[in-house]
Colleague: 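Take a look at the following structure, please.
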There are 2 protein chains.
Amino acid sequence: MSKRRRPTPAKMADIARITGVHVSTVSRALAGSPLVAEGLRERIVAVARERNYVVNSTARNLRLQRTETVSVVVPLGHEGVQGLTDPFYVEMLAHLADDVTQRGHSMLLQKILLPTDGWLAHLIASRRADGIIVIGQNTEHRALEEAAASYRPMVVWGGHLERQAYCTVGTDNVGGARAVVRHLLDTGRRRIVFLGNPSMPEMLLRERGYREALAEGPGDAAAPCTIPSRFTVEAAYEALRTFIRQGGSFDAVFGATDVIALSAIRALRDAGLDVPRDVAVAGFDDVSLAAHGTPSLTTVRQDLARGSRTLVDLLFRRIRGEDTDSVVMPAELVVRESSASPLASLRRVSRAESAPSPP
Amino acid sequence: MSKRRRPTPAKMADIARITGVHVSTVSRALAGSPLVAEGLRERIVAVARERNYVVNSTARNLRLQRTETVSVVVPLGHEGVQGLTDPFYVEMLAHLADDVTQRGHSMLLQKILLPTDGWLAHLIASRRADGIIVIGQNTEHRALEEAAASYRPMVVWGGHLERQAYCTVGTDNVGGARAVVRHLLDTGRRRIVFLGNPSMPEMLLRERGYREALAEGPGDAAAPCTIPSRFTVEAAYEALRTFIRQGGSFDAVFGATDVIALSAIRALRDAGLDVPRDVAVAGFDDVSLAAHGTPSLTTVRQDLARGSRTLVDLLFRRIRGEDTDSVVMPAELVVRESSASPLASLRRVSRAESAPSPP
DNA sequence: TTGAAAGCGCTACCAC
DNA sequence: GTGGTAGCGCTTTCAA
């Protein structure tokens with residue numbers, strides 16, 4: 001309603017005037033410089049605190065030629081709001097917020113919906129941040145390659161591809177996928193499908209691990225079969241429903257992410273199939289939901305706390321001008337109910353179902 | 001490894017030199033001022049684009065006395081990483097990222113773990129942002145009140161309390177809670193417990209709605225009973241398990257949030273109780289998970305897209321110096337499986353259980 | 001130890 | 001229309 005005047009916040013010159021010294025002395029005092037006499041410094045700090053004065057970071061940053069800010073950017077293809085809602089990204093974000101803050105920097109969060117040409121170059125050129133952390137390559141491998149040619153302080157969470165120019169931190173996607181598919185084969189599954197979108201590097205690597213495990217597996221295992229699906233709840237659900245409706249035959253689903261795998265479980269149940277009796281399901285990520293559903297989800301754990309720490313650590317080294325190699329962290333297979341052996345399930349089921357008809 | 005020199009990015013003076021005009025002209029041209037001759041402007045813009053020049057926002061902001069940035073801050077008590085992971089916050093964040101970006105501003109994300117005295121005053125004084133959006137009051141009502149006395153551009157997502165000084169946007173918590181509890185009473189439940197932490201304003205209001213509905217309900221309904229629980233998966237699970245173990249008697253649980261309600265379902269199941277046959281469960285928020293679980297969750301929907309838009313809209317009006325009133329949005333009851341009538345369940349169950357029936 | 005002054009990169013006012 | 005210039009609030013070099 002009323003447009004009252006905003007109270008002008010104190011500036012360094014005000015503090016200087018009040019304490020009767022020059023601004024440069026205030027600046028030194030507030031920065032804890034040993035040049036300022038002990039007593040004077042205390043007096044200045046006291047006045048500053050009393051007036052609730054905090055150094056203007058814009059002016060400070062202009063002078064110092066830095067921003068004390070890290071940009072965290074999430075490129076999303078057609079995933080929309082849902083994309084950022086994937087628990088994987090979220091847990092990563094929460095960790096990054098901690099780790100970046102701990103280094104005394106602010107965190108700028110940027111969602112890039114439907115990346116347009118030059119978005120990354122523009123983001124870099126605007127110099128709103130001292131460094132950039134990109135979460136997930138999505139379909140932006142090319143843009144990242146180009147940016148890395150001239151811009152150093154950037155680290156990417158994602159899959160490590162051959163001969164890539166940019167620095168990544170990520171899990172051993174191939175190894176993790178191999179382990180989980182081998183586990184499915186070991187528990188008697190023979191027609192395993194892959195549900196995911198191999199146009200994203202991480203998914204591509206997981207699919208590669210899937211193919212490798214099948215190639216090394218028993219001779220009676222069915223050939224690899226990839227059902228393309230974006231990584232949203234709805235997309236995965238629909239993709240699998242369609243596959244089932246079209247008569248696709250399989251006894252296990254390896255979802256490229258946990259969100260995909262959990263959607264697969266729902267699609268299977270809605271199609272009247274039992275998990276794990278009829279179809280085993282496994283995912284990738286080990287988001288917190290994975291352990292709590294019914295059935296709980298077999299998956300591959302990614303250590304996000306460590307991932308976040310590594311991302312931030314490498315980024316700050318790059319900001320300092322160092323060069324850093326990519327980091328591939330080991331993956332850990334987590335076996336839960338959704339991939340229980342069909343034989344075990346059969347036993348359990350027969351007990352329940354045979355009860356009414358006493359032999 | 002090698003500490004290569006970072007290439008110095010172009011500045012406005014460079015563009016001026018190249019095009020043979022003065023910086024002020026470049027500034028005007030890039031700002032699209034009608035003062036610059038058409039042809040000249042195009043030439044300048046072309047050179048800038050070619051050199052990949054983007055205006056230095058720090059310098060620009062210092063000159064313009066603003067930051068083109070909005071701070072989104074999430075105060076967390078003892079919830080830790082889990083707090084930010086609550087799907088409710090996350091969906092809100094994703095929307096805010098869109099809405100803030102759409103206004104041409106950047107979004108600073110700040111998690112405040114275990115708020116210390118003066119955190120908000122400090123955040124405001126640092127002037128890293130033109131305005132602040134606080135998501136959830138948590139236990140910071142006092143701090144918000146104090147800040148609002150002198151700082152205008154701040155909007156808070158949360159419950160609207162009597163005589164509060166700061167501007168909030170939120171759902172009608174009392175009304176939503178009343179509706180859901182009335183629904184539980186209507187479907188035959190009589191011993192309804194509230195699971196949540198009334199020290200947070202939103203939860204307090206939901207608890208008030210719960211009490212009001214019970215007070216207005218049938219005479220044979222049990223007195224209100226609040227089981228204190230923080231809003232993390234683990235806390236809610238443990239709180240209810242303990243209550244059950246101590247012999248608490250109830251036939252319905254109203255969780256203060258969906259995350260709490262979903263944890264309650266797990267706790268009940270693990271205790272051998274069937275939802276909704278033995279105990280009905282309802283939540284608040286309608287996060288995307290609520291619809292997809294087994295059983296699906298009865299809850300109160302909050303319109304986050306609208307909430308986010310309103311928050312951002314009010315904030316920008318306040319940044320412009322306007323005064324704005326708080327907004328309370330209507331709540332919508334969403335009835336799903338978790339609160340199905342015990343009679344209906346009984347019928348279904350008896351059909352299934354009477355078949356084997358050998359005692 | 002403290003003060004004075006330059007200057008970070010930009011925008012806007014005032015001349016012409 | 002365009003150029004010159006002051007100044008946003010701060011840090012740091014150089015003098016004293």
Side-chain angles (χ1 to χ4, degrees), chain A residues 6-45 47-48 51-69 104 106 124-130, chain B residues 6-45 47-48 51-69 104 106 124-130:
Chain A
R6 205 86 50 71
T8 316
K11 49 182 84 166
M12 202 173 265
D14 299 332
I15 307 299
R17 204 164 10 77
I18 295 164
T19 45
V21 296
H22 200 267
V23 269
S24 49
T25 307
V26 176
S27 174
R28 282 188 281 252
L30 261 28
S33 159
L35 288 170
V36 181
E38 181 69 7
L40 179 55
R41 195 184 68 214
E42 279 168 10
R43 203 152 57 81
I44 293 173
V45 168
V47 171
R51 305 273 153 151
N52 202 17
Y53 172 76
V54 177
V55 175
N56 179 326
S57 45
T58 306
R60 170 170 227 267
N61 288 338
L62 176 60
R63 175 64 229 240
L64 262 27
Q65 295 287 76
R66 49 176 181 56
T67 62
E68 295 206 283
T69 297
S106 301
I124 291 168
S126 79
R127 300 208 302 311
R128 290 187 104 88
D130 297 338
Chain B
R6 205 85 50 71
T8 316
K11 49 182 84 164
M12 200 173 266
D14 299 331
I15 308 299
R17 204 164 10 74
I18 294 165
T19 46
V21 296
H22 199 268
V23 269
S24 50
T25 306
V26 176
S27 175
R28 282 190 282 252
L30 261 27
S33 158
L35 288 170
V36 181
E38 180 69 10
L40 179 57
R41 195 185 67 216
E42 281 170 9
R43 204 151 58 80
I44 293 172
V45 169
V47 170
R51 306 275 153 149
N52 202 18
Y53 172 75
V54 176
V55 174
N56 180 325
S57 44
T58 306
R60 171 171 226 267
N61 288 339
L62 175 59
R63 176 61 230 239
L64 262 27
Q65 295 288 72
R66 50 175 181 54
T67 61
E68 296 206 281
T69 298
S106 300
I124 290 167
S126 80
R127 300 209 301 312
R128 291 185 102 89
D130 298 336

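In what follows, every chain begins at residue 1, and chains take the letters A, B, ... in the order their sequences are listed.
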Colleague: Where the side chain of A:Val55 is defined as all heavy atoms beyond and including C-beta, which of D:dC10, D:dT12, C:dG9 is the nearest nucleotide?
Modeller: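 Nearest to the side chain of A:Val55 among the choices is D:dC10.
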
Colleague: Nearest 0.5 Å please: distance from the CG atom of B:Asn56 over to the CG atom of B:Asn61.
Modeller: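 Reported to 0.5 Å precision, the distance equals 8.5 Å.
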
Colleague: What is the distance from CZ of A:Arg41 to C1' of C:dT2, rounded to the nearest Å?
Modeller: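 For the pair A:Arg41 CZ and C:dT2 C1', the rounded distance is 15 Å.
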
Colleague: If I take atom CG in residue A:Leu62 and atom C1' in nucleotide C:dG7, what distance separates them, rounded to the nearest angstrom?
Modeller: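 In whole Å, C:dG7 C1' lies 9 Å from A:Leu62 CG.
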
Colleague: When the distance from CG of B:Leu30 to P of C:dC10 is rounded to whole Å, what number comes out?
Modeller: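 The distance from CG of B:Leu30 to P of C:dC10 comes to 9 Å, rounded to the nearest Å.
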
Colleague: To the nearest Å, how far apart are B:Arg66 CZ and D:dG9 P?
Modeller: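 One finds 15 Å between P of D:dG9 and CZ of B:Arg66, rounded.
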
Colleague: Between D:dG3 atom P and B:Arg17 atom CZ, what is the distance in whole Å?
Modeller: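 Roughly 15 Å, once rounded to whole Å.
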
Colleague: Choose from D:dC10, D:dG3, D:dG1 the nucleotide whose nearest atom is closest to any side-chain atom of B:Ala37.
Modeller: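 Closest nucleotide to the B:Ala37 side chain: D:dG1.
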
Colleague: Between atom CG in A:Leu35 and atom C1' in D:dC14, what is the gap in whole Å?
Modeller: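 These atoms are roughly 13 Å apart.
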
Colleague: With a 4.5 Å heavy-atom cut-off, do B:Ser57 and B:Glu68 have their side chains touching?
Modeller: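 The answer is no, as the side chains (C-beta and beyond) never meet within the 4.5 Å cut-off.
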
Colleague: Choose from C:dC8, D:dC8, D:dG3 the nucleotide whose nearest atom is closest to any side-chain atom of B:Gln65.
Modeller: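 Closest of the options to the side chain of B:Gln65: D:dC8.
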
Colleague: Does D:dG9 have OP1 or OP2 under 4.0 Å away from a side-chain N or O of A:Tyr53?
Modeller: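 The answer is no; no side-chain N or O of A:Tyr53 sits under 4.0 Å from OP1 or OP2.
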
Colleague: Taking 4.0 Å as the cut-off, does a side-chain nitrogen or oxygen of A:Thr25 come that near to OP1 or OP2 on C:dG3?
Modeller: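 Yes.
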
Colleague: Thinking salt bridges, do A:Asp14 and A:Lys11 make one under a 4.0 Å N-O criterion?
Modeller: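 No salt bridge links A:Asp14 with A:Lys11.
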
Colleague: Can you figure out which of D:dG7, C:dA4, D:dG9 approaches the side chain of A:Lys11 most closely?
Modeller: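 Closest nucleotide among those given: D:dG9.
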
Colleague: Send over the distance from B:Leu64 CG to D:dG7 C1', rounded to a whole Å.
Modeller: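 Taking atom C1' of D:dG7 as the reference, CG of B:Leu64 is at 13 Å.
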
Colleague: Please report, rounded to the nearest Å, how far the P atom of C:dC10 is from the CZ atom of B:Arg60.
Modeller: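 Those two atoms, CZ and P, are 10 Å apart.
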
Colleague: Under 4.0 Å between a side-chain N/O of B:Ser24 and OP1 or OP2 of D:dG4, yes or no?
Modeller: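 Answer no for this pair, as no side-chain N or O of B:Ser24 is under 4.0 Å from OP1 or OP2.
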
Colleague: Do A:Thr67 and A:Arg128 come close enough that some side-chain heavy atom pair is under 4.5 Å?
Modeller: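 A side-chain contact is absent here, since even the closest heavy-atom pair is not under 4.5 Å.
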
Colleague: From C-beta outward on B:Leu40, which listed nucleotide comes closest to its side chain: D:dT2, C:dC8, C:dG3?
Modeller: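 So the nucleotide nearest the side chain must be D:dT2.
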
Colleague: Just compare C:dA4, D:dG3, D:dA6 and give me whichever is closest to any side-chain atom of A:Arg28.
Modeller: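 So the side chain of A:Arg28 is nearest to C:dA4.
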
Colleague: Picking from D:dT2, C:dG9, D:dC10, which would you name as closest to the side chain of B:Val36?
Modeller: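 Per side-chain heavy atoms of B:Val36, the pick is D:dT2.
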
Colleague: Does C:dA4 have its OP1 or OP2 closer than 4.0 Å to a side-chain nitrogen or oxygen of A:His22?
Modeller: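 The answer is yes; a side-chain N or O of A:His22 sits under 4.0 Å from OP1 or OP2.
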
Colleague: Taking A:Thr58 for the side chain and B:Thr58 for the main chain, is one N or O donor matched with an acceptor at less than 3.5 Å?
Modeller: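 Side chain of A:Thr58 to backbone of B:Thr58: no pair is present.
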
Colleague: Any idea which of D:dC10, C:dT11, C:dC10 is nearest the A:Met12 side chain?
Modeller: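 So the side chain of A:Met12 is nearest to D:dC10.
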
